[in-house]
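Structure first, commentary second.
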Amino acid sequence: MEKPEKRWLYFLIVIFVIVNVVTLSSLIPWQTWQIWQNPTPSQVVEVTYDNYVITMDAPVQIKANEYIQFDATSTDVTYGFGVFRKDNSMVFQMQVLPGRTNTIIWKFDETGMYDVRSTEYSGPKHSDMVVRDALEVK
Ligand SMILES: [Cu+2]
């Protein structure tokens, strides 16, 4: 490796470390909680996927500004757990891998009704995988 290449490599390593330290620290004001803070959820919502059907206790009553844990399991293939506003914009999503409990914790800051959809192409019936008014945030 030639000297200019080495200098460039060291420069990139320094930038990598700085960006990681800044974005993972509380220096970012809108970063109100981080992954290692491990918030205690006030509610756990179970979501099960089997043969292209999403099953949940809809409409699930949820309080705004509380940590809600979603536990999603699949018995067959990989699906997606996506939460959508009524204008079809997405709030968040995660993959649902079969054979394990897939967990995400979310705090809703807007009240209203939300739909749940599969956000991972899982097969020909994927586009029917919608639970309308699945969540009611008050
Ligand atoms: Cu799907």
Side-chain angles (χ1 to χ4, degrees):
M1 194 182 289
E2 305 217 356
K3 202 169 181 185
E5 281 179 314
K6 268 188 188 169
R7 229 183 281 140
W8 181 238
L9 179 65
Y10 292 140
F11 173 75
L12 290 179
I13 291 171
V14 167
I15 294 296
F16 173 83
V17 170
I18 289 171
V19 166
N20 275 279
V21 166
V22 168
T23 57
L24 291 174
S25 73
S26 51
L27 293 172
I28 305 292
W30 57 87
Q31 185 84 312
T32 54
W33 64 282
Q34 288 116 8
I35 196 163
W36 57 81
Q37 287 179 323
N38 202 15
T40 305
S42 64
Q43 187 178 349
V44 178
V45 178
E46 307 279 343
V47 187
T48 57
Y49 290 71
D50 178 51
N51 195 24
Y52 303 95
V53 176
I54 303 172
T55 304
M56 57 192 299
D57 219 355
V60 179
Q61 306 292 315
I62 286 175
K63 286 187 185 147
N65 299 311
E66 286 188 3
Y67 292 111
I68 310 297
Q69 179 173 322
F70 295 92
D71 286 351
T73 53
S74 161
T75 57
D76 40 26
V77 299
T78 300
Y79 298 100
F81 173 74
V83 173
F84 291 79
R85 298 176 191 92
K86 285 318 225 177
D87 65 2
N88 292 322
S89 60
M90 187 167 66
V91 181
F92 67 90
Q93 70 100 34
M94 72 168 165
Q95 274 196 320
V96 180
L97 301 175
R100 59 171 306 205
T101 302
N102 305 270
T103 298
I104 190 167
I105 295 177
W106 195 261
K107 187 161 78 173
F108 290 86
D109 53 9
E110 289 172 34
T111 59
M113 299 300 291
Y114 294 82
D115 296 339
V116 165
R117 298 170 181 269
S118 174
T119 48
E120 175 89 17
Y121 180 72
S122 45
K125 296 185 208 160
H126 161 80
S127 57
D128 298 331
M129 298 183 68
V130 181
V131 180
R132 301 213 181 274
D133 300 325
L135 309 174
E136 182 174 11
V137 180
K138 290 180 177 175

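Atoms within each ligand, like the ligands themselves, are counted from 1 in listed order.
Nearest heavy atom pair, residue Lys138 against residue Thr111, reads C-CG2, 3.6 Å. For the pair Ser42 and Glu66, the tightest heavy-atom approach, listed with the atom from each and the gap, is OG-OE1, 2.6 Å.
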Report all side-chain donor-acceptor pairs from residues 88-96 shorter than 3.5 Å, counting only partners two or more places apart or in another chain.
| residue | atom | partner | partner atom | Å |
| --- | --- | --- | --- | --- |
| Asn88 | OD1 | Arg117 | NH2 | 3.4 |
| Ser89 | OG | Arg85 | NH1 | 2.9 |
| Ser89 | OG | Asp87 | OD1 | 2.6 |
| Gln93 | OE1 | Thr119 | OG1 | 2.6 |
| Gln95 | NE2 | Glu120 | OE1 | 3.0 |
| Gln95 | NE2 | Glu120 | OE2 | 3.3 |

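Proximity of the aromatic rings of Phe81 and Tyr49 is defined here by a centroid distance below 6.0 angstrom, and this criterion is not met.
Ring geometry for Trp106 versus Phe108: interplanar angle over 60°, hence perpendicular rather than tilted (30 to 60°).
Shown here are the protein N/O/S atoms lying under 2.8 Å from the Cu ion (ligand 1), water excluded: Ser118 OG, Glu120 O, Ser122 OG, His126 ND1.
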One pair to check against side chain to side chain donor-acceptor pair (under 3.5 Å): Thr101 and Asp71. What are the steps and the verdict? CA-CA 6 Å; Thr101 302; Asp71 286 351; 6.0 Å; no
